[in-house]
Novice: 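Quick one: the structure is below, and I'll ask about it shortly.
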2 protein chains.
Amino acid sequence: MGGDMESFVEVDAASHFPVQNLPYGVFSSKNADAKARVGTRIGDFVVDLAALHEAGLFEDAFDSSCFTHDCLNAFMGMGRSVWTQARKRLQQLLSKDEPKLRDDADLRARVLIPVSDVEMQLPAKIGDYTDFYASRQHATNVGTMFRGKENALPAAWMHMPIGYHGRASTVVKSGTAVRRPCGQVQKDPADPKQGSVYGACKLLDFELEMGVFVGPGNKLGSPIKIEDAEDHIFGFVLLNDWSARDIQKFEYVPLGPFGAKNFASSISPWVVTTDALKPFTAKTSAGEQNDPEPLPYLREPGYSTYDIRLEVAIQAEDIGPEPFRVCESNYRHMYWTHRQQLAHHTVTGCEMRPGDLLGSGTISGDEEGSFGSMLEICWKGTKPIQIKDGVERKFIKDDDTVIMTGWCEGEGYRVGFGECTGKILPAQPQ
Amino acid sequence: MGGDMESFVEVDAASHFPVQNLPYGVFSSKNADAKARVGTRIGDFVVDLAALHEAGLFEDAFDSSCFTHDCLNAFMGMGRSVWTQARKRLQQLLSKDEPKLRDDADLRARVLIPVSDVEMQLPAKIGDYTDFYASRQHATNVGTMFRGKENALPAAWMHMPIGYHGRASTVVKSGTAVRRPCGQVQKDPADPKQGSVYGACKLLDFELEMGVFVGPGNKLGSPIKIEDAEDHIFGFVLLNDWSARDIQKFEYVPLGPFGAKNFASSISPWVVTTDALKPFTAKTSAGEQNDPEPLPYLREPGYSTYDIRLEVAIQAEDIGPEPFRVCESNYRHMYWTHRQQLAHHTVTGCEMRPGDLLGSGTISGDEEGSFGSMLEICWKGTKPIQIKDGVERKFIKDDDTVIMTGWCEGEGYRVGFGECTGKILPAQPQ
Ligand SMILES: [Ca+2]
Ligand SMILES: [Ca+2]
Ligand SMILES: [Mg+2]
Ligand SMILES: [Mg+2]
Ligand code: NI
């Protein structure tokens, strides 16, 4: 499954969606009232998998009626052998040497839908959403800003992937406009005892993250072992964990972030599978975990991640026609891997279900241009980004659109995630 | 709807389930393979609401097909006018003066099912579960133990109902056995820098809470105003927020409790409606909120709660045949009410959905016998409860069953919650 595979559907070399990718998503038609259903994507086409199912083209492989659902949960729950069968079958059907779809104009018309004719939906019904804090540089940056260099990392940080439960109801699809939240902000940030005022968040931020969709779950009380974790992971999306820094600052002691995070978290619509990412397996930028070595339940023989290039840009009227890039990072800048996150999440016996979402935590590299949030990029507002004469940013302004993208660079092709975008609407104080 | 209302079904004065209560739950039959469906309860009978629906007995009132579902979410979403209609119709059908059900032996046999023949299920598919920290005495106790008397309450505590997102997938029904979790516990509790060992939780605790089920939700970006909050609240259950104190201590800085809480939270099966609780409206034990006065979005003209008596007992072999009561508290010991919690939860625009669950936070009164967790009752293990010669408890032991109960005391009748129970099974370290 290298770069030599080719489809009869023409795909640009810069496209995120060659036949090597074949991510899964849920789409509906813009101009028809057919219900939402599962698709994959190749080049500028969505491949209607419900239509392929109805044409009997998966028939002998597995029960493909899951592709007629309006969410991927059932398919996610079917496990790796089914995922691999589905992928093989799709790569075969789309290959330039296979006439079945290539030469059947009628079938092609039903199955290949121009992306401009569809509206993407959330890929899954997310039972639970968890967010981690697993990039060492990010945790060090934030810790340094708020607690000083000496105490930057919390005591537990090197011992476990620290995470917290998030809000599943407000995970929204890319393109959803996000209302700037209101809440309580401190009167005097230096003195919490002075209390707070009600108002719109003034320090609105993005967090550049990857999201992992869980495949088959586990039974309550039965942890997922690190060596089995890979088989419980369906695939990845881009995730923007919108954060209201000023609301967070007042509320988060001692139980963690709440309103500062629960107003929205945006994800990209196409779930890129671990089969598609495998060729881009890479060492983390941490290299090894040996100081300290993790406890055995977190120890990975194949400690590794994926080389996924990540970028964030801001689009706004005062910036001009082109989005302005504010950060370039890479998923390699993870200290705790997604497998370690899953093992830690379930070590207590916590039940996972297909379609559960795990956020990686903000992904920051060790250079300034690679920090994954405005908080870090502008170092708490002390170093604004100069965009052009008279135009700068410290945090996100009203009507700004934040655009995240990510892809793996192959030889002559890319396996990518498309975009995760969200525009900030002005607050509506009560 | 006072104590004078009577049903043709005989109900003991000590029963939690007279005709004044009529809670909602989901049940399945032990000896038939009929699917799970919605019921209410009177005395020792479950009233099969799907059967009443099929008999056409709600016909003109509202669309009662929601009672054939295996969860209450649809009914919860229909709102107060439907809830009130359903309650009126049920009280009428069950009244001693109404012949329709009373005199129809055939219908009665289909509709009234002895509780011994049913198995109760979770009342709703819980989209999101949130836990608050809203009893002042509890927060003061915990703060005093861990930060000293002077700094007992976190800075934000008097300004907002502090809460955190919990784990929806592991909310389990009363009677579900709970496996003692494993995780990371500190080598030296006084020195987090020494790190941790993997092992079974040694400090397993309950937290006595009430759970609120949300009725109609709100649109993303549109907060629920405090004056409208009551209409978004369907009803209440007992909630045991199981807590692994030693796991919590190491993991919770800075993002809050995670594995310490996500292994299980138990709820009682019958959801008692706000209509049934209304006669028991009472001042909170805080009296007023005026130091400081809450911000306007949290200010309640009718600042009040319910007078719900709460008890926790432990049953175990070494204790003997009778459960031993370890605490008596009351829902009146809330500082932040459930309406304030809902208003605060949505002030950022967070979307609520029917069936979402809000935990009140541990409910502790100001006397020692009224503390709602073993942590407080035994003051961090320093004051074990002496149960009898040679038998004591500081925390919860393997094979202990924790039994919570709660009820409102009317004149000659009770409106109660039944029990929320859970037995702790020994850990299974990997
Ligand atoms: Ca985050
Ligand atoms: Ca709690
Ligand atoms: Mg978020
Ligand atoms: Mg819990
Ligand atoms: Ni959830």
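Just so you know, these numbers use all the heavy atoms, side chains as well, and skip hydrogens, waters and symmetry mates. Just so it is clear: chains get the letters A, B, ... in the order the sequence lines come, proteins before strands, and each one is counted from 1.
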Novice: Tell me which of these, K125(A), Q430(A), Q184(A), has more heavy-atom pairs under 4.5 Å with chain B than the rest.
Specialist: Q184(A)
Novice: Tell me which of these, G259(B), P154(B), C182(B), has more heavy-atom pairs under 4.5 Å with chain A than the rest.
Specialist: C182(B)
Novice: Within a radius of less than 6.0 Å around NZ of K423(B), do more than 12 heavy atoms belonging to other residues, nucleotides or ligands occur?
Specialist: no
Novice: Who wins among G143(A), C201(A), P254(A), P296(A) for the most heavy-atom pairs under 4.5 Å with chain B?
Specialist: P254(A)
Novice: Quick one: do Y198(B) and Y297(A) satisfy ring pair (Phe, Tyr, Trp, His ring centres under 6.0 Å)? Show the steps, please.
Specialist: CA-CA 8 Å; Y198(B) 167 87; Y297(A) 83 92; 5.6 Å; yes
Novice: Once the angle between the rings of F132(A) and H345(A) is folded into 0 to 90°, is it parallel (under 30°), tilted (30 to 60°) or perpendicular (over 60°)?
Specialist: perpendicular
Novice: Cut-off 3.5 Å, side chains only: do S265(A) and N240(A) have a donor facing an acceptor?
Specialist: no
Novice: H165(B) vs F258(A) aromatic rings, parallel, tilted or perpendicular, using cut-offs 30° and 60°?
Specialist: tilted
Novice: If you take all heavy atoms of A229(A) and I224(A), which pair is closest and at what distance?
Specialist: CA-CG2, 3.9 Å
Novice: For V178(A), which atoms come within 4.5 Å of any heavy atom of chain B: side chain, backbone, both, or neither?
Specialist: neither
Novice: Relative to chain B, which segment of M158(A) carries a heavy atom at a distance below 4.5 Å: side chain, backbone, both, or neither?
Specialist: neither
Novice: I want to know whether Y133(B) and W336(B) have ring centres closer than 6.0 Å.
Specialist: no
Novice: Counting only heavy atoms closer than 4.5 Å, note whether L255(B) contacts chain A via side chain, backbone, both or neither.
Specialist: both
Novice: Among the options P257(B), A260(B), G217(B), G349(B), pick out the one with the most heavy-atom pairs lying under 4.5 Å from chain A.
Specialist: P257(B)
Novice: Counting only heavy atoms not in K225(B) (residues, nucleotides, ligands), do more than 12 fall under 6.0 Å from its NZ?
Specialist: no
Novice: Which atoms of S222(A) are under 4.5 Å from chain B, going by heavy atoms: the side chain, the backbone, both sets, or neither?
Specialist: neither
Novice: Taking L425(B), I247(B), L295(B) one by one, which has the highest count of heavy-atom pairs under 4.5 Å against chain A?
Specialist: L295(B)
Novice: What part of D131(A) lies closer than 4.5 angstrom to a heavy atom of chain B: side chain, backbone, both or neither?
Specialist: neither
Novice: Answer with side chain, backbone, both or neither: which region of F146(A) has an atom nearer than 4.5 Å to a non-hydrogen atom of chain B?
Specialist: neither
Novice: Could you tell me which non-hydrogen atom of F250(B) sits nearest to which non-hydrogen atom of P192(B), and how far apart they are?
Specialist: CE1-O, 3.8 Å
Novice: Is there a donor-acceptor pair closer than 3.5 Å between any side-chain N or O of R339(B) and the backbone N or O of I226(B)?
Specialist: no
Novice: For chain A, which candidate among G256(B), A427(B), P292(B) shows the most heavy-atom pairs at distances under 4.5 Å?
Specialist: G256(B)
Novice: Counting only non-hydrogen atoms closer than 4.5 Å, does E251(A) touch chain B with its backbone (N, CA, C, O), its side chain (CB onward), both, or neither?
Specialist: both
Novice: Using non-hydrogen atoms and a 4.5 Å limit, figure out which bit of T346(B) sits close to chain A: side chain, backbone, both or neither.
Specialist: neither
Novice: With a 4.5 angstrom heavy-atom cut-off, is it the side chain or the backbone of E351(B) that approaches chain A, or both, or neither?
Specialist: both
Novice: Side chain, backbone, both or neither: which part of L298(A) has an atom under 4.5 Å from a heavy atom of chain B?
Specialist: side chain
